[in-house]
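Each remark here refers to the structure printed beneath this line.
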Amino acid sequence: MTAQLITVEEHRARILAAVRPLEAVRMPLPGALGRILREPVRSAVDLPLFDNSAMDGFAVRFDDVADAAAGAPVDLEVVADVPAGSAEDPSFGRGQAVRIMTGAPVPNDADAIVPFEDTAGGLAESLGRIRVLAAPHARGAHIRQQGDECRAGDVILPAGADLGGRQLAGIAAAGVHEVVVSRVPRVAVISTGDELRPPGAPLERGQIPESNGTLLEGLCRENGAEVIMTTSVTDDGDGLRAALADAAALGADVVITSGGVSEGAYEVVKSVARMRFDKVAMQPGKPQGFGDGPDDGGPLLFGLPGNPVSVAVSFEVFVRPALRAMQGAADLDRLIVRLPAVEAWRTPPGRRQYRPVLVTRDGVAPASSGGSHLAASLGRAEAYAIIPTDVDHVGIGDVVDVMLVP
């Protein structure tokens with residue numbers, strides 16, 4: 001009897017229900033790149049820290065220059081100079097100004113900044129006396145007010161945020177030097193198949209270069225995981241048993257196998273690994289295995305199909321969300337946008353299709369002829385078009401969901 005298909009959502013829900021959060025660790029900011037926050041980050045200081053100039057120019061009293069114009073210039077005496085980083089707070093009276101540079105603290109007597117370009121001499125004649133040719137647009141013009149962005153104690157990044165370069169810079173600017181993040185997931189990658197040989201090795205009839213290990217190791221590292229083991233085993237079962245034992249001994253949080261989960265006579269993962277095996281209503285990637293580890297807290301086990309496109313799709317749909325959930329990520333999924341198809345293609349009835357596509361100026365086009373074995377073409381793909389189960393044909397101009405991948 002043919003096994004009933006389960007939905008993508010059913011398989012994914014079972015996986016996410018088994019996820020156990022990893023430990024949180026406190027670490028210095030420079031080492032947190034690529035990590036996921038487990039506690040919100042609060043600013044240690046007001047941002048900006050003090051009123052500062054947004055322009056190179058002159059700190060002035062607004063009332064002195066409120067009527068300045070090219071036909072009615074205002075002359076001011078420059079009595080001080082404040083560069084960025086200065087702690088000086090020079091006082092000045094009516095008819096006077098202070099030269100100031102971008103980022104420098106605004107003197108308490110000033111309530112506006114006149115940029116160099118609004119004066120007759122600009123920087124070249126910025127000491128002694130200046131002639132203002134244009135009035136500031138309002139009191140407070142070109143002054144960045146203390147605390148405009150945030151106050152000390154305000155949350156600047158929530159728990160669950162990904163820490164990239166921009167986020168680390170924002171945290172540093174807020175005067176914070178440590179963050180609480182998730183420990184990195186430890187992943188073991190095991191490829192199965194008698195036909196597999198290392199890339200570059202001599203190939204005999206029936207043998208192929210092993211690429212799934214490279215694919216999965218790269219995808220895991222791109223998504224913040226530490227790959228502690230990558231190996232290839234044969235179909236006799238002994239190698240897989242040993243590899244699973246090695247992964248557990250190394251403290252793997254996740255073990256990902258590829259191959260050996262279909263209906264053939266030599267499906268080693270099915271015969272050895274403690275997983276539940278299902279047929280999922282998706283293409284590619286219909287055969288899927290998953291195990292939530294023994295009661296003593298062993299690793300999550302993912303049994304992915306052997307074809308490279310199936311591996312890549314299965315990782316995005318099932319493995320990546322689990323890795324992110326382990327780390328407490330607020331968003332488990334890739335960005336999905338809606339784009340028109342610029343070429344037509346057929347889709348399998350009754351299964352959700354994840355089609356590798358190219359993104360053009362006009363929309364999306366298939367990256368290959370569609371076979372799940374087309375490993376070389378996979379590298380051209382920039383996204384996956386996601387086609388619902390009730391659609392059997394995508395026409396030119398049809399708008400489809402597109403999962404963007406780096």
Could you give me the CA-CA distance, side-chain angles and deciding distance for V317 and Y384, then say whether side-chain contact (heavy atoms from CB on, under 4.5 Å) is met? CA-CA 11 Å; V317 178; Y384 296 104; over 6 Å; no
For L332 and L16: C-alpha separation, side-chain torsions, deciding distance, then whether side-chain contact (heavy atoms from CB on, under 4.5 Å) applies. CA-CA 10 Å; L332 303 185; L16 293 180; 4.0 Å; yes
Test side-chain hydrogen bond (donor to acceptor under 3.5 Å, both in side chains) applied to S232 and E210, step by step = CA-CA 8 Å; S232 177; E210 200 287 296; 5.4 Å; no
Test side-chain contact (heavy atoms from CB on, under 4.5 Å) applied to M275 and T257, step by step: CA-CA 11 Å; M275 302 187 200; T257 67; 4.0 Å; yes
inquiry  = Between L76 and V114, does the side-chain contact (heavy atoms from CB on, under 4.5 Å) criterion hold? Intermediate values first, please.
reply    = CA-CA 11 Å; L76 300 175; V114 173; over 6 Å; no
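Contact annotation: the side chain of Q327 never approaches that of P21 to less than 4.5 Å [non-hydrogen atoms, C-beta and beyond]. For the pair V309/P356, a side-chain contact is recorded, criterion being any heavy-atom separation below 4.5 Å from C-beta on. Side-chain atoms of P209 and L203, non-hydrogen and from C-beta on, do get closer than 4.5 Å to each other. A heavy-atom distance below 4.5 Å is not found between the side chains of V60 and V132. The shortest side-chain heavy-atom distance between V179 and R35 does not fall under the 4.5 Å cut-off. With contacts defined as side-chain heavy-atom distances shorter than 4.5 Å, the pair F315/L323 qualifies. Residues D63 and R61 fail the side-chain proximity criterion, which asks for heavy atoms closer than 4.5 Å. Contact of the M326 side chain with the S182 side chain is not registered, since no non-hydrogen atoms from C-beta on lie closer than 4.5 Å.
Within the model, atoms CD1 of I15 and NE2 of H11 stand 3.5 Å from one another, a figure rounded to the nearest 0.5 Å. One finds the CG atom of D89 at 4.0 Å from the CG atom of N108 (value rounded to the nearest 0.5 Å). Distance CD1/I36 to CD/Q167: 11.5 Å, rounded to 0.5 Å. The CG atom of L240 sits 7.5 Å away from the OG atom of S271 when rounded to the nearest 0.5 Å. Atom CG of L244 and atom OG1 of T231 lie 10.5 Å apart (nearest 0.5 Å). For the atom pair S53 OG and I100 CD1, the distance stands at 4.5 Å (nearest 0.5 Å).
Considering all non-hydrogen atoms of both residues, P308 and S211 come closest at CG-OG, 4.1 Å. Considering all non-hydrogen atoms of both residues, V311 and P305 come closest at CG2-O, 3.1 Å. Nearest heavy-atom pair across D64 and V74 is O-CG1, 3.5 Å. Nearest heavy-atom pair across A135 and D67 is CB-N, 4.5 Å. In terms of heavy-atom proximity, L33 sits nearest to G165 at CD1-N, 3.7 Å. In plain terms, the two heavy atoms of F58 and A97 that are nearest each other are CB-CB, 4.4 Å.
Formation of a donor-acceptor pair under 3.5 Å by the R320 side chain with backbone atoms of L219 is not found in this model. Between the side chain of R144 and the backbone N or O of L47 there is no donor-acceptor pair closer than 3.5 Å. Without hydrogens or angle criteria, R38 side chain to V181 main chain gives no donor-acceptor distance under 3.5 Å. Judged by distance alone, with hydrogens and angles left aside, the side-chain atoms of R197 form a donor-acceptor pair with the main-chain N or O of D194 at under 3.5 Å. D46 contributes no side-chain N or O that, together with a main-chain N or O of P48, makes up a donor-acceptor pair within less than 3.5 Å. The main-chain N or O of D238 is found under 3.5 Å from a side-chain atom of D236 such that the two form a donor-acceptor pair. In this structure a side-chain-to-backbone donor-acceptor pair under 3.5 Å is missing from D109 to G93. The main-chain N or O of S258 is found under 3.5 Å from a side-chain atom of T192 such that the two form a donor-acceptor pair. Under a 3.5 Å cut-off, the side chain of R186 and the backbone N or O of A252 do not form any donor-acceptor pair.
The local environment of NE2 in H393 is crowded, with over 12 non-hydrogen atoms from other residues, nucleotides or ligands closer than 6.0 Å. Within 6.0 Å of atom CZ in R131, 12 or fewer heavy atoms from other residues, nucleotides or ligands are found, so the atom counts as exposed in its surroundings. Taking a 6.0 Å sphere around CD of E88, one finds it holds 12 or fewer heavy atoms contributed by other residues, nucleotides or ligands.
Pairs of residues two or more places apart, or lying in two chains, that qualify as side-chain hydrogen bond (donor to acceptor under 3.5 Å, both in side chains) and include a residue from residues 113-126 are R99-S126.
Two rings, from F290 and F277, have their centers 6.0 Å or more apart.
Here E382 pairs with nothing under the side chain to side chain donor-acceptor pair (under 3.5 Å) rule; sequence neighbours left out.
Residues Q283 and T347 have side chains that never bring a donor and an acceptor to within less than 3.5 angstrom of each other.
Among R12, R334, R324, the one residue that satisfies the salt bridge (charged side-chain N to carboxylate O under 4.0 Å, His left out) test with E316 is R334.
Salt bridge D401/R338: present, at least one basic N to carboxylate O contact under 4.0 Å. Salt-bridge annotation for E10 and R14: absent, with no side-chain N of the basic residue lying under 4.0 Å from a carboxylate O of the acidic one. Taking 4.0 Å as the cut-off between side-chain N and carboxylate O, R352 and E9 count as a salt-bridged pair.
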